[in-house]
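Reading through the structure tokens given below for one structure.
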Amino acid sequence: MTNWRLWIGIITCSLIVLLAILGPVIAPYEKDFMEPTGYYYNGPEDFGVHSSPYPPSKEHIFGTDQWGYDILTLLLYGAKYTVFVGIGVALVRIIVGGLLGMWFGLTGREGKKNSNSIFGLLGSIPAFVILYFLLIGITINSELSTLELIFLQAFIMIIIGVPGVYAAIHSKTNELKKDLYITAARALGAGRFRILWKHLLPHLKGTFLAMFVKEIIIVLTLIGQLGIFNLFFGGTILRLGGPPVYISISREWAGLIGQWRSFVYDFQWILIVPLIAFLLLLFSFYILSRGIEIRQKAILQKYPHI
Amino acid sequence: MRIALSFVSLLTFILILAAVPLSLSVIDGNVTFSFESMVLLAKEYFVGLWNGDSFTYQEGIDRVQNMMQDIPAYFLTSLRYLLLAGILAVLIGLFISYWYSKTKQEWMKDIIGFLGTIPDFILVIVLQMGVVFIYQSTGLHVARVASRSADENAYLLPLITLTIVPTIYLIRTLSEKTYDVLAEDYILHAKAKGLKKPFIYIHHVVRNVLPFLKADLHKVIAIMMSNLFIVEYLFNIRGITAILFDGTMYQYNLTVNTLISLVIVYFLIYWSIRLLILILERVFAHD
């Protein structure tokens with residue numbers, strides 16, 4: 001049986017990456033184009049005002065938001081931030097956490113479990129709350145440029161995520177270390193680095209790949225949760241004077257959901273479009289991870305007796 | 001001793017975390033971090049513990065409120081939602097994972113797995129939109145989209161969200177464990193002795209899956225806590241997390257006390273579910 005999930009995952013993910021790269025080129029409007037509000041007069045019976053938000057139409061496939069920005073254009077411009085930050089942060093987390101985990105898993109003595117309780121306690125304060133406290137002072141109406149802010153935010157996200165990857169790889173390495181081929185390699189005089197590179201890494205390759213894709217989903221979720229609390233990737237503009245308005249500078253997808261999350265009752269296309277885009281993004285990474293998982297499972301199969 | 005040590009480190013962590021927004025700032029394009037103001041805030045908090053200042057907070061411009069009077073109501077609201085959702089999640093999770101572990105249909109796993117990847121905030125927004133859509137097309141008012149006041153809390157949708165996410169996590173992990181348990185030799189032995197399937201399940205499978213549930217419980221409740229923030233925020237529930245994001249003015253002692261109450265909520269939930277597991281053990285794993 002062909003692993004169709006893997007193929008669909010690979011195809012959709014590459015399409016999304018392509019879209020993220022080419023987004024600004026194929027966008028139908030300029031980044032700051034606003035559909036003007038105005039009058040129309042076609043006859044004594046047929047006149048009135050047209051104003052944003054415009055519903056989906058031929059000119060604006062996904063409609064415009066409350067200020068008249070074309071939603072498709074915003075999505076295409078913002079895609080690169082969402083996609084590449086998700087992939088980049090996950091990749092660095094896996095590389096740093098994985099290498100450290102393997103190294104200390106090999107050197108460490110039998111797995112001590114006393115770190116368990118403190119990790120359990122930390123569970124009472126979720127990761128995005130920690131991020132929230134770290135970012136609230138520097139994200140809203142920030143003096144930093146978008147790019148600086150993105151690097152800073154990505155850096156903090158990497159640091160928050162590394163311990164999780166480290167712990168998983170550390171315990172896995174501790175398990176593998178007991179296997180005979182490691183003992184044999186050791187007896188033959190292989191150094192720690194050689195064991196890591198030639199024996200552990202090939203064995204953990206599949207695990208790393210599966211973890212990487214799952215980590216992308218975790219990072220995207222984290223960005224989304226921060227977006228709900230008005231901390232957008234690339235910075236937030238806060239306009240006061242009247243009800244506070246939060247605007248995402250980078251037009252990153254989770255940020256768009258966050259800034260438009262109150263369009264639940266009316267003009268729902270404004271919220272539905274980025275929501276579907278974000279879900280499609282998650283779905284393509286998910287189906288990819290399922291494909292990898294099934295391929296892994298086929299190698300290490302067990303069968304139930306009843 | 002170790003427990004005391006981890007409590008102290010957690011408290012230090014909270015004191016530091018709550019001070020970060022006040023000590024981390026951007027001045028002239030440079031990120032600056034003031035360690036002194038952090039120490040100062042913590043010191044002020046401890047002095048405040050002595051004379052009671054740490055238990056008051058400012059509301060609006062000039063009203064000073066006593067936290068010990070106000071926090072319990074928020075606290076109980078959160079606790080109520082979490083307890084209900086936690087118990088439901090464990091029971092439904094145990095029930096479904098048995099059936100789920102045996103399905104050969106990979107597409108079922110695809111669907112449940114994808115439901116598990118959908119972030120909680122998207123689930124909330126989709127549920128809210130669904131209710132609005134049903135109302136707009138049929139005029140039927142299925143559930144409250146959000147709480148209008150503390151006396152008129154939305155219940156159905158928040159509970160659905162709070163239950164679904166940990167349940168799916170439990171189904172995914174427990175079904176794997178159930179699958180492994182089903183592949184063990186003692187199950188084969190029981191089957192060879194001619195024991196009926198329900199009997200084997202109740203007496204041998206459940207009791208061997210429960211330890212994994214216990215081990216995974218911290219993770220499950222961590223997921224629920226993270227959900228609680230999103231759910232209370234988007235459904236406008238006046239729970240413990242709502243204090244953190246009420247945001248007229250950042251108050252250090254209020255934040256610290258809220259975070260500490262969150263830890264207390266966490267432990268109450270943790271031990272209540274442990275109690276539930278204990279009861280399940282009495283039912284399924286008694287000798």
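In what follows, every chain begins at residue 1, and chains take the letters A, B, ... in the order their sequences are listed.
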Compare every heavy atom of A/Pro244 with every heavy atom of A/Leu238, then report the nearest pair and how far apart it is.
CD1-CB, 3.9 Å

Nearest heavy-atom approach of B/Pro119 to A/Thr221 is CB-CG2, 3.5 Å

How long is the gap from CG on A/Leu135 to CZ on A/Phe232, to the nearest 0.5 Å?
13.0 Å

Locate the shortest heavy-atom distance separating B/Thr117 from B/Phe114; write the atom from each residue and the value.
OG1-O, 2.8 Å

Quick one: do A/Glu293 and A/Arg290 make a salt bridge, cutoff under 4.0 Å?
yes

By a 4.5 Å heavy-atom criterion (distance strictly below it), what part of B/Leu234 contacts chain A: side chain, backbone, both, or neither?
side chain

Part of A/Ile272 within contact of chain B (heavy atom distance under 4.5 Å)
both

So what's closer than 4.5 Å to chain A heavy atoms on B/Thr255: side chain, backbone, both or neither?
side chain

Please look at B/Ile269 and chain A and tell me whether the side chain, the backbone, both or neither of the residue comes under 4.5 angstrom of a heavy atom of that chain.
neither

Does any heavy atom of chain B fall under 4.5 Å from the side chain of A/Ile217, the backbone, both, or neither of them?
side chain

Show your working on side chain to side chain donor-acceptor pair (under 3.5 Å) between A/Gln259 and A/Ser248 and close with a plain yes or no.
CA-CA 7 Å; A/Gln259 86 179 47; A/Ser248 159; 4.5 Å; no

Under the 3.5 angstrom rule, does the side chain of B/Ser78 hit a backbone N or O of B/Ile240 as a donor-acceptor pair?
yes

Top contributor to chain A contacts, counting heavy-atom pairs under 4.5 Å, from B/Met129, B/Met224, B/Gln136
B/Met129

Measure distances from B/Leu22 to the heavy atoms of chain A and classify the residue's part below 4.5 Å as side chain, backbone, both or neither.
neither

Is chain A contacted by the side chain of B/Phe229, its backbone, both, or neither, given a heavy-atom distance below 4.5 Å?
both

Is chain B contacted by the side chain of A/Phe133, its backbone, both, or neither, given a heavy-atom distance below 4.5 Å?
both

The interface call for A/Tyr265 against chain B, heavy-atom contacts under 4.5 Å, is both

Which one wins on heavy-atom pair count under 4.5 Å against chain A: B/Ile125, B/Val126, B/Ile187, B/Val131?
B/Ile125

Residue B/Asn227 versus chain A: region with a heavy atom under 4.5 Å
neither

Report the option among B/Ile230, B/Asp120, B/Leu262 that has the most heavy-atom pairs separated by less than 4.5 Å from atoms of chain A.
B/Ile230

Please work out which of the three classes, parallel, tilted or perpendicular, describes the rings of B/Tyr270 and B/His218, given edges at 30° and 60°.
parallel

What part of A/Ile218 gets within 4.5 angstrom of chain B, counting heavy atoms only: side chain, backbone, both, or neither?
neither

Given a strict heavy-atom distance threshold of 4.5 Å, which part of A/Phe263 is in contact with chain B: side chain, backbone, both, or neither?
backbone

So which part of A/Ile136 gets closer than 4.5 Å to some heavy atom of chain B, the side chain, the backbone, both or neither?
side chain

Closest approach of B/Ala18 and B/Leu259, non-hydrogen atoms and distance?
CB-CD1, 4.5 Å

Between A/Ile150 and A/Gly234, what is the shortest heavy-atom contact and its length?
CG1-CA, 3.6 Å

